[in-house]
Novice: 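Could you have a look at this structure, given as structure tokens, before my questions?
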Amino acid sequence: IKFGEANAVLTGDALQALSYEIICEDKDLSNTSKVNAVKSLSKACGKKGMVLGQQLDLENEQNSESIELRDLEYINSLKTGKLIECSVLLGSLENLLDISLKDGLREYGKKIGLAFQIIDDILDVLGDKNKLGKEVNSDKKNKKITYIELIGVDASKEKASDLIKSAISIINSFDVDNKENLIGIANYIINRDKWMKIFKKIPNKKPSTPLLDKIEFPKDIKKFSNSELEILANELREFLLYSVGQSGGHLGAGLGVIEL
């Protein structure tokens with residue numbers, strides 16, 4: 001950890017608190033939507049979501065006996081899936097969607113969340129340290145039970161692919177605007193290793209980011225026009241690729257935030 005474990009934990013705490021601050025200060029959300037957003041995010045992060053999943057995952061590392069596949073899926077649905085599921089549903093807060101569509105979006109989020117974790121397990125074994133931003137085979141070193149341990153690499157790839165196909169099928173079954181964005185996110189998850197090859201083309205020179213350089217606080221983004229936001233998104237992509245290419249880190253999560 002570049003800045004030490006204590007600083008990493010504090011940074012995570014600060015970012016989580018910042019997410020609630022951004023929601024509360026948003027001028028485009030109604031008060032009802034703000035409350036629902038904070039409630040949804042709190043549940044996804046809290047004692048019945050990510051935190052519980054991480055605790056069960058720690059117990060998994062210390063468990064000398066193998067666990068059942070359904071238990072592993074439960075752990076991953078909490079530690080990884082809940083936040084992805086929540087991020088999908090947050091986009092519908094200001095829309096009056098019928099129950100079947102909301103249930104469909106929730107199921108879509110669950111499936112791509114589980115697929116994301118399976119691909120993460122695969123890359124931990126087959127990935128490149130410099131591309132992943134972390135040590136490979138870390139799960140094996142920590143004696144953690146993963147999909148690779150339980151069903152093997154080939155079956156894990158097939159399961160992840162089936163989950164993504166099912167998620168896309170759910171989205172295609174509904175008449176929703178911009179469905180190609182949701183389909184694109186699903187396809188990105190299953191093709192993470194392909195996208196990581198972009199690291200081979202990363203220049204050593206820091207890209208020019210005039211709009212990004214003007215941002216000091218999250219609220220500064222609202223000063224830009226729609227056309228400037230498009231330019232800013234491109235600057236963020238280029239800077240993220242450069243930054244992660246120099247020091248390591250998680251490319252997928254950063255690019256996902258930019259696209260959303």
Side-chain angles (χ1 to χ4, degrees), residues 1-29 33-34 37-38 41 44-45 80 83-84 86-88 90-91 93-94 112 116 120 123 127-134 177-178 180-189 191-260:
I1 301 177
K2 185 172 182 179
F3 299 103
E5 184 174 348
N7 283 324
V9 172
L10 286 173
T11 301
D13 291 341
L15 287 172
Q16 186 172 350
L18 179 61
S19 66
Y20 300 123
E21 180 181 337
I22 292 172
I23 291 172
C24 292
E25 291 182 348
D26 194 301
K27 295 179 181 179
D28 297 321
L29 283 176
S33 290
K34 288 180 182 180
V38 170
L41 195 54
C45 293
T80 304
L83 275 177
I84 293 179
C86 177
S87 69
V88 172
L90 284 177
L93 282 175
E94 291 286 294
I112 66 170
F116 184 97
D120 205 57
L123 292 177
D128 185 293
K129 171 186 174 182
N130 295 322
K131 296 175 184 178
L132 290 175
K134 62 179 182 179
D177 295 332
N178 300 318
E180 64 275 6
N181 293 336
L182 294 171
I183 293 172
I185 291 172
N187 283 325
Y188 169 76
I189 288 173
N191 291 308
R192 280 170 66 195
D193 188 50
K194 181 186 77 172
W195 286 107
M196 285 178 182
K197 294 178 181 177
I198 200 168
F199 276 100
K200 296 179 180 178
K201 303 177 182 179
I202 293 176
N204 291 324
K205 183 179 179 182
K206 181 179 180 297
S208 175
T209 54
L211 291 182
L212 182 59
D213 294 341
K214 294 179 180 179
I215 298 175
E216 293 186 31
F217 305 99
K219 63 182 180 181
D220 292 340
I221 296 176
K222 295 186 177 182
K223 298 177 183 178
F224 298 128
S225 64
N226 287 338
S227 59
E228 287 175 322
L229 287 173
E230 291 284 346
I231 297 172
L232 176 63
N234 285 325
E235 289 185 7
L236 280 166
R237 292 185 192 102
E238 292 181 11
F239 180 77
L240 178 65
L241 291 173
Y242 165 79
S243 178
V244 175
Q246 300 304 306
S247 59
H250 292 284
L251 174 66
L255 280 178
V257 169
I258 293 170
E259 299 312 316
L260 286 171

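Throughout, numbering of the chain's residues begins at 1 and tracks the sequence.
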Novice: For Leu29, does its backbone N or O pair with a side-chain atom of Ser33 as donor and acceptor, under 3.5 Å?
Specialist: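 No, Ser33 side chain to Leu29 backbone: no donor-acceptor pair under 3.5 Å.
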Novice: Side-chain donor-acceptor contacts of residues 223-230 below 3.5 Å, not counting sequence neighbours, with atom names and distances?
Specialist:
| residue | atom | partner | partner atom | Å |
| --- | --- | --- | --- | --- |
| Ser225 | OG | Ser227 | OG | 3.0 |
| Ser225 | OG | Glu228 | N | 3.3 |
| Ser225 | OG | Glu228 | OE1 | 3.4 |
| Glu228 | OE1 | Ser225 | N | 2.9 |

Novice: Let me have the donor-acceptor pairs involving side chains of residues 213-221, under 3.5 Å, with sequence neighbours excluded, atom names and distances please.
Specialist:
| residue | atom | partner | partner atom | Å |
| --- | --- | --- | --- | --- |
| Asp213 | OD1 | Thr209 | OG1 | 3.1 |
| Asp220 | OD2 | Glu216 | N | 2.8 |
| Asp220 | OD2 | Phe217 | N | 2.9 |

Novice: Indicate yes or no for a side-chain donor-acceptor contact from Asp120 to the backbone of Phe116 under 3.5 Å, with no hydrogens or angles considered.
Specialist: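 Checked: no pair found.
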Novice: Return the minimal non-hydrogen interatomic distance between Asn7 and Thr11, and the atom names on each side.
Specialist: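 That closest heavy-atom pairing would be O-OG1, 2.7 Å.
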Novice: What residues form a side chain to side chain contact (heavy atoms under 4.5 Å, CB included) with Leu41, not counting sequence neighbours?
Specialist: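 Once residues adjacent in sequence are excluded, the partners of Leu41 under the side chain to side chain contact (heavy atoms under 4.5 Å, CB included) criterion are Ser19, Tyr20, Ile23, Cys45, Leu83, Cys86.
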Novice: Could I get the full list of side-chain hydrogen bond (donor to acceptor under 3.5 Å, both in side chains) partners for Ser208, not counting sequence neighbours?
Specialist: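 Per chain and number, Ser208 pairs via side-chain hydrogen bond (donor to acceptor under 3.5 Å, both in side chains) with no residue.
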Novice: Give, for atom CG of Leu236 and atom CG of Leu211, the distance between the pair rounded to the nearest 0.5 Å.
Specialist: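 One finds 9.5 Å between CG of Leu236 and CG of Leu211.
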Novice: What are the two closest heavy atoms between Glu25 and Lys34, and how far apart are they?
Specialist: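 Taking Glu25 first and Lys34 second, the nearest heavy atoms are C-NZ, 4.4 Å.
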Novice: Report the distance from atom CD1 of Ile112 to atom CD1 of Ile189, rounding to the nearest 0.5 Å.
Specialist: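 Answer for the CD1-CD1 pair, Ile112 versus Ile189, is 4.0 Å.
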Novice: Please check: side-chain N/O of Glu238 versus main-chain N/O of Pro207, any donor-acceptor pairing under 3.5 Å?
Specialist: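 A pair under 3.5 Å: no.
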